[in-house]
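The structure appears below as structure tokens.
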Amino acid sequence: QVQLVESGGGLVQPGGSLRLSCTAAGFELDAYAVGWFRKAPGKGREAISSISKSAGRKYYADSVKGRFTISRDDPTSTIYLQMNNLKPEDTAIYYCAARSSMPGASTWRDEGQYESWGQGTQVTVSS
């Protein structure tokens, strides 16, 4: 099982930016598709983005489209989530998750398709 570690969270003012990283401990991520999810206080976990192996496919939730960008650097087994123009409603714990299957337009949000999860990193957007 792939062990994932998220980093890069923190406190940022509205309109600011953060870049989250997801790294694999002891494994190479190039064989996996990776998704980012978030859980805000009092809400369920939300799928926000996913990237296939070789970055051929990328998906975004409408709530982050145009503001967030997912990318991958396979030589370092790192997946990034660049978050720009952050809003207070982006406040949440952000998780990355890996899957061996190809994410599709109807399946990339399906949490059950992701086999391994990180522990999460807190993002707080507040003035």
Item checked: F68 side chain reached by W36 side chain, heavy atoms, under 4.5 Å -> no
For this session: Output yes when a side-chain donor or acceptor of R72 lies under 3.5 Å from a complementary backbone atom of A33, and no otherwise.
Result: no
What one should report as the nearest heavy-atom pair of S52 and G56 is OG-N, 3.2 Å
Sorted by chain and number, sequence neighbours left out, side-chain hydrogen bond (donor to acceptor under 3.5 Å, both in side chains) with T78 holds for T76
Across all chains, not counting sequence neighbours, the side-chain hydrogen bond (donor to acceptor under 3.5 Å, both in side chains) partners of T69 are none
Salt bridge (Lys or Arg N to Asp or Glu O under 4.0 Å) filter on R45, not counting sequence neighbours, yields E111
State, without any angle test, whether S116 and Y32 hold a side-chain donor-acceptor pair at a distance under 3.5 Å. no
Residue pairs meeting salt bridge (Lys or Arg N to Asp or Glu O under 4.0 Å), one or both in residues 87-108, sequence neighbours left out, come to R38-D90, R67-D90
### Message
Quick one: does any side-chain atom of E6 pair with a main-chain N or O of Q119 as donor and acceptor, under 3.5 Å?
### Response
yes
For S49, the side-chain hydrogen bond (donor to acceptor under 3.5 Å, both in side chains) test, sequence neighbours excluded, returns none
Exactly one candidate in T23, I70, L20, L4 meets side chain to side chain contact (heavy atoms under 4.5 Å, CB included) with I79; the answer is I70
The complete set of disulfide bond (SG atoms under 2.5 Å apart) pairs with one or both residues in residues 47-126, sequence neighbours excluded, reads C22-C96
- Task: Tell me yes or no: between the side chains of Q82 and S71, is some donor less than 3.5 Å from an acceptor?
- Result: no
Correct closest heavy-atom pair for S63 and E46 would be OG-OE2, 2.9 Å
Inset, instruction - Could you go through the side-chain contact (heavy atoms from CB on, under 4.5 Å) check for R57 and W108 one step at a time? - result: CA-CA 10 Å; R57 299 181 184 180; W108 72 271; over 6 Å; no
Across all chains, not counting sequence neighbours, the side-chain contact (heavy atoms from CB on, under 4.5 Å) partners of K65 are Y60, D62
*Under 4.5 Å between side-chain heavy atoms, hopping through other hydrophobics if needed: is there a path connecting V64 to Y94?*
yes
Smallest heavy-atom separation, P14 atom then S127 atom, equals CD-N, 3.7 Å
**Message:** Is there a path of hydrophobic side-chain contacts, each under 4.5 Å between heavy atoms, that joins I51 and L29?
**Reply:** yes
Nearest heavy-atom contact between A47 and A61 is O-CB, 3.5 Å
Residues at least two apart in sequence or cross-chain that pass side-chain contact (heavy atoms from CB on, under 4.5 Å) with I93, listed by chain then number, are Y95, Q122
**OP:** State, with a plain yes or no, whether a side-chain heavy atom of I48 is found less than 4.5 Å away from one of L81.
**Re:** yes
OG (S50) and NZ (K58) are apart, to the nearest 0.5 Å, by 11.5 Å
Value for CD (E115) from OG (S101), rounded to nearest 0.5 Å, stands at 6.0 Å
In short, Y114 meets A97 closest at the heavy-atom pair CD2-O, 3.5 Å
Hits for side-chain contact (heavy atoms from CB on, under 4.5 Å) against D30, two or more places apart or cross-chain, chain-then-number order -> E28, D74
Taking every heavy atom of T91 against every heavy atom of P41, the minimum-distance pair comes out as O-CD, 4.1 Å
Residues pairing under disulfide bond (SG atoms under 2.5 Å apart) where one sits in residues 38-94, two or more places apart or in two chains, turn out to be none
So disulfide bond (SG atoms under 2.5 Å apart) across residues 38-95, not counting sequence neighbours, yields none
Contacts of S126 meeting side-chain contact (heavy atoms from CB on, under 4.5 Å) (sequence neighbours excluded), chain-then-number -> L11, T124
